[in-house]
Structures are given as structure tokens and as C-alpha cells.
Amino acid sequence: MKRLLILTLLGLGVGIVAYSGVYFLGTAEQRTLQKSESPELAWLKTEFGLSADAFDRISKLHYSYLPKCDEMCALVAEKNKTLRSLVESGAGDGDEWKRVMSEAVQIRAECQETMLEHFYKVSREMRAEPRRRYLEWVLAKTVPPSHEALNETLNHHP
Amino acid sequence: MMNPNEKMQKNDRELSSTLRKWEMSSNLPIDFKRSVWNEISTQEPFDPRIIFRSFIEWVSLFTERRSIVAGYFAVVCLVGVGLGLLHVKSESESFHSSMAYSYVRLVDPYLHADR
């Protein structure tokens, strides 16, 4: 009985060691990416097989785009706030509403233009196949072509 | 009466003097060095199965049913590896989608505005 217990425990130990070894080795790359300065960019490098030079150029593009993105983000937030206050005040059907809505549409068009310009600049630093894959992926995520894609984007929202 | 320590020291001294007196009665065979190196170079390369076999032999000291023990450890090992691979697969899928979402969120002003 004691022998059986020892053997069972040894077996469990071997199983746990095998499991931990595989898990540790299999997730090593993810841990390295997460420890990097900018995990999203490090992921982009791995996912699209970027060379060191391409990665440097894309990082520069990324960091020069971020302030513009923040600026647009502030404009979007401000316009959303104005729209909400109009709805709450009950003035949702007057001329003011139309004016704010047309400004919001204008902002959306500008945001999309700047964003797409950035995506194309980034993609130009990639080789042909990853470029196509990057554009397909990023456009599907940011310019949902269908109701299903929009739902997918919303489902990934934490 | 000597204590054990003194006895051991005396034995050591005797052994040392015997070794000093000892002389080789025959010469080393011709090509001795070469045959030693040949022996080393022709040894079988390291095989991980040897570790498994030695482990099973050691474990079999506990039981006579060696094949059952070997089978049990092989199955447990395979289950561990299989579960590890499944976990790695699901982790990397969730890591991939969370990194993809983080990137998009950084560059899309509309998702960015939700932060």
C-alpha cells in the first residue's frame, strides 16, 4: 500500500514537472514581450516579422502619431459631451443639434483620415505579405465593414 | 587501546608507504593512449531514453511489475505534456487578442477616447 502511494505521488510529480516545463517553455516569448518597454509594438514586431530597422522606423512613426491621436481623442470626447448635454437638456431636435452633429461627422472624417494615413505609413515599412496582412487586419478592426465585424470589435472591448 | 581516529591514521600511513614502494611490473601496451581516445570517441552519444530507463529501473525497486510502472509514468508524462500544450495554446490565443486589441486601442481615437 505504501509502495503504491509512493509510486502514485512520484507519477504525479513527473506529470507536474512535464506540464510546468511545457508551459514555461511555451510562454517564454509572451513573458519577454510583456516585459518590453512597449508590449504592443513588441507584439507587432513578432506578429508581422519586422526587421530591426523596420521596427525602429515604425516605432518612430507610432510615437509621432500618438500626440495627434490624443488630440483627436480630446476632440471626440468634447463633441460626445456636447451631444449628451443636448440630449439631456431636451434640445435634441433643433438647429443646435444639427450643427453639433455635422461637427461630429467632420471630426470623425478627420480622425479616420489621419488614422488611415498612419496605417499606410506603417504598412509601407513592411514587406509585401505582412503589409497586406497588417492592412487587412487593422482596417477590419478600425473601420468595421459589416455589422458582424462591429460586434467582434465590441466583444473584445473589456 | 587506539581510538578509531588514530587507527584510521595508522592505516593511511601504511597504505601510503605501500603505494610508495609499489612499482609497475609491466609497461603500458603499445598505442595505449590512442586506444583510450578511440574508446572515448566510439562511445554511444547521449540518449535521453537512458534517463527514462534508469528512472524506471530505480522505481522498479519498489515493485516487480516494471512494465506497468513504465506505462504509468509514460502516460502521466504524456498527460502532463498534453495539458501543458493545451494551456499554452489557450494562453497564446488570449495573449494575441489582448495585444491586438491594445494596439488598436492605442491608435484608434474612438477607442482611445474610451480610456
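By convention in this document, chain letters (A, B, ...) are assigned in the order of the sequence lines, proteins followed by strands, and residues within each chain are numbered from 1. Heavy-atom basis, side chains included; hydrogens, waters and symmetry copies ignored.
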Linked, directly or transitively: [X] and [Y] (ILVMFWY side chains, under 4.5 Å):
X: A:M126; Y: B:V104; result: yes
X: A:I6; Y: B:V75; result: no
X: A:F48; Y: A:Y65; result: yes
X: A:Y134; Y: A:F55; result: yes

Supply the atom-to-atom distance [X] [atom1] to [Y] [atom2], rounded to the nearest 0.5 angstrom.
X: A:C69; Y: B:D108; atom1: SG; atom2: CG; value: 7.0 Å
X: A:T27; Y: B:F95; atom1: OG1; atom2: CZ; value: 10.0 Å
X: B:R105; Y: A:T142; atom1: CZ; atom2: OG1; value: 15.0 Å
X: B:S98; Y: A:Q30; atom1: OG; atom2: CD; value: 9.0 Å

Atom [atom1] of [X]: over 12 foreign heavy atoms under 6.0 Å:
X: A:R132; atom1: CZ; value: yes
X: A:E110; atom1: CD; value: yes
X: B:E93; atom1: CD; value: yes
X: A:F24; atom1: CZ; value: no
X: A:E37; atom1: CD; value: no
X: B:R34; atom1: CZ; value: no

**OP:** Go through the steps to decide whether B:V107 and A:H118 satisfy the test side chain to side chain contact (heavy atoms under 4.5 Å, CB included), and finish with yes or no.
**Re:** CA-CA 9 Å; B:V107 293; A:H118 172 68; 4.1 Å; yes
Original post:
When heavy-atom pairs shorter than 4.5 Å are enumerated against chain A, which of B:L85, B:L86, B:V81 gives the highest number?
Top reply: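 Option with the greatest count: B:V81.
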[X] versus chain B, the contacting section by heavy-atom distance below 4.5 Å:
X: A:F119; value: side chain
X: A:E47; value: side chain
X: A:T8; value: both

List the atom of [X], the atom of [Y], and the distance in Å for their closest heavy-atom pair.
X: A:P39; Y: B:M99; result: O-SD, 3.7 Å
X: A:A18; Y: B:C77; result: CB-O, 3.8 Å
X: A:W137; Y: B:A100; result: CZ2-CB, 3.4 Å

Subject >> Plane angle bin for A:W43 and B:Y103 - parallel if under 30°, tilted between 30 and 60°, otherwise perpendicular >> reply: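 Tilted, since the angle between the ring planes falls between 30° and 60°.
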Original post:
Hey, which of A:A74, A:G21, A:G15 has the most heavy atom pairs under 4.5 Å with chain B?
Top reply: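 Option with the top pair count is A:G15.
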**OP:** Run the numbers on B:F73 and A:L7 for side chain to side chain contact (heavy atoms under 4.5 Å, CB included), then give the verdict.
**Re:** CA-CA 9 Å; B:F73 278 99; A:L7 276 176; 4.0 Å; yes
